[in-house]
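Read through the structure below, which is laid out as structure tokens, and then see the notes.
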Amino acid sequence: MEIVRQAVDLNECLEGFDCESYSASLGGFCCKNSSGFCCKGC
Amino acid sequence: MYKESYYNFKEVVNSGDTVLYNTRTGAIAVVEPKFKDKVNEMLACPDSYQEDEFFQPLLANGFLIPNEMNELQKIKESYEKEFKRKDAIAVVLLPAELCNFTCEYCFVYNYKGKVMEQETYDGITRYIEHKIEQYYQEYPNGKKIDLRISWFGGEPLLERDTIFKYMELIEERFSDSCMIWSDIVTNGYYLTSEVFKKLLAHKINVLQVTFDGAKEDHNKTRCLHNGEGSYDTLIANIKDIVANLNPNEKFRFAFRINFMKNTYKKIYGLIDELHDIVGDDPRFFVYCRPVYNFETKRDTMNQLIDNIFTIEDGLKQQNDFSYYIDKKFNRVHVERSVNDYLPIPTVQWCSEDNEYSIIVGADASVYSCDSLIGDESVSIGKMLSDGTIQFKENVKEWKTSFFELENNKECLKCRCLPACLGCCRRERIMDKRSKPCLFTEQSIKETIQKFFAKA
């Protein structure tokens, strides 16, 4: 069995607006999720 | 005593491997066929396998959980911790509710055609001051507050000199009490290397520009008022920025590519072109999203409606692009990124889904959704010059925890909940949808089958 993606530590997302720690890796301007569904698209 | 997580997905793919995916932790495991039965038994009766080598990895990654753990309660706690944060202030400013482009699909609800007045900037400054005062009264020894200033529009760079001046004021007033973060979403037309450097110098170091496909397609939708396309200018600006980059400069620069049924095929070529320009520099990244059909007060969207993907088909195509981008830019798809195929858990669906975020329009109208800007009838209040917000009655439905909403029952039972937390609040409120899904259990299963299949 291979773990190909480790469990995400949501506490990381609760600190700051640093894009490096955002779950979306999108920085401050987007959702903290991977969908990007409501990313601002203009 | 242990049990299997409610949020596990188990899919056997074409190679015979079993893919385990957990939406609450985001973890993914691939189990070879020879261990399939054992892992299934472990998940069904974990207490009998506590000495097995697979037990700890399954436990550490949330596929197995302690019997007493209430996973839904954990999800709620994470969400509400973020929703009710007191040590965060986020303001999206619309310095110009006008634009030099005329994109037909623009989701801005209505166009105001004005720039933000000084009185509104002053109100926002006082609003931030009040919030800081309140926080330190409650937490005299509290850490620095996270203050996020986002620039959006219209086209914010039409007002770039005002933006720079305001960022200087923010730095001067609040850098002692706040960690300041700032970002901008721009169409890129005025984003020369010189402007880019000024943005970084003013701490605006998260940027996004948007493409609508290959040159011909981009120029059809993203054109100036005189009908002239903007592609060449945008590409020239990016090349100018790259040519004058300092390797030590810290920033995140996103190229968002919008796609529709009639444009998506040529987008692979655009991704190649962007890679040729920026290479593997990790400060740049590309992601693709379908154009969504947001209702606005204008009817320009109607001209495009036949070319807009359904949510399901758009998500599938988005995943295809993600795969291509990851390979092109040498990025491993299992890293946490916006291009992940399988969603990662989140603490909020949308950056506005919390008590600490507001959007302030050029005329001081306050909104809670960036797709509704430009029309006071859908605003949640007004920013007054003394820094207080005169909220309207509708603020309750926008600023209430998802877990306290009446129409959340179906979502609370859904195994996708940790990845969406109720999804889009606008669709829930304006369209009265009790389950405005992007991900579904079925789409997750299909994604696993597609991206973990072996040729």
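Just so it is clear: chains get the letters A, B, ... in the order the sequence lines come, proteins before strands, and each one is counted from 1.
Across B/D17, B/N22, B/V30, the residue that shares the most heavy-atom pairs under 4.5 angstrom with chain A is B/V30. Per-residue heavy-atom pair counts under 4.5 Å with chain A were compared for B/V31, B/N205, B/N61, and the maximum is reached by B/N61.
Both tests do not hold together for B/R222 against B/F101: distance to the six-membered ring centre under 6.0 Å, angle to the ring axis within 45°. Both tests do not hold together for B/R283 against B/F253: distance to the six-membered ring centre under 6.0 Å, angle to the ring axis within 45°.
Contact annotation for B/F35: only side-chain heavy atoms (C-beta onward) come within less than 4.5 Å of a heavy atom of chain A. In this structure, chain A has a heavy atom under 4.5 Å from the side chain of B/Y21, while its backbone stays farther away.
Taking the ring-ring contact (aromatic ring centres under 6.0 Å, His included) definition, one finds that B/F259 meets it with B/F309, B/F321, sequence neighbours left out. Residues forming a ring-ring contact (aromatic ring centres under 6.0 Å, His included) with B/Y79 (at least two apart in sequence, or on another chain): B/F83, B/F403.
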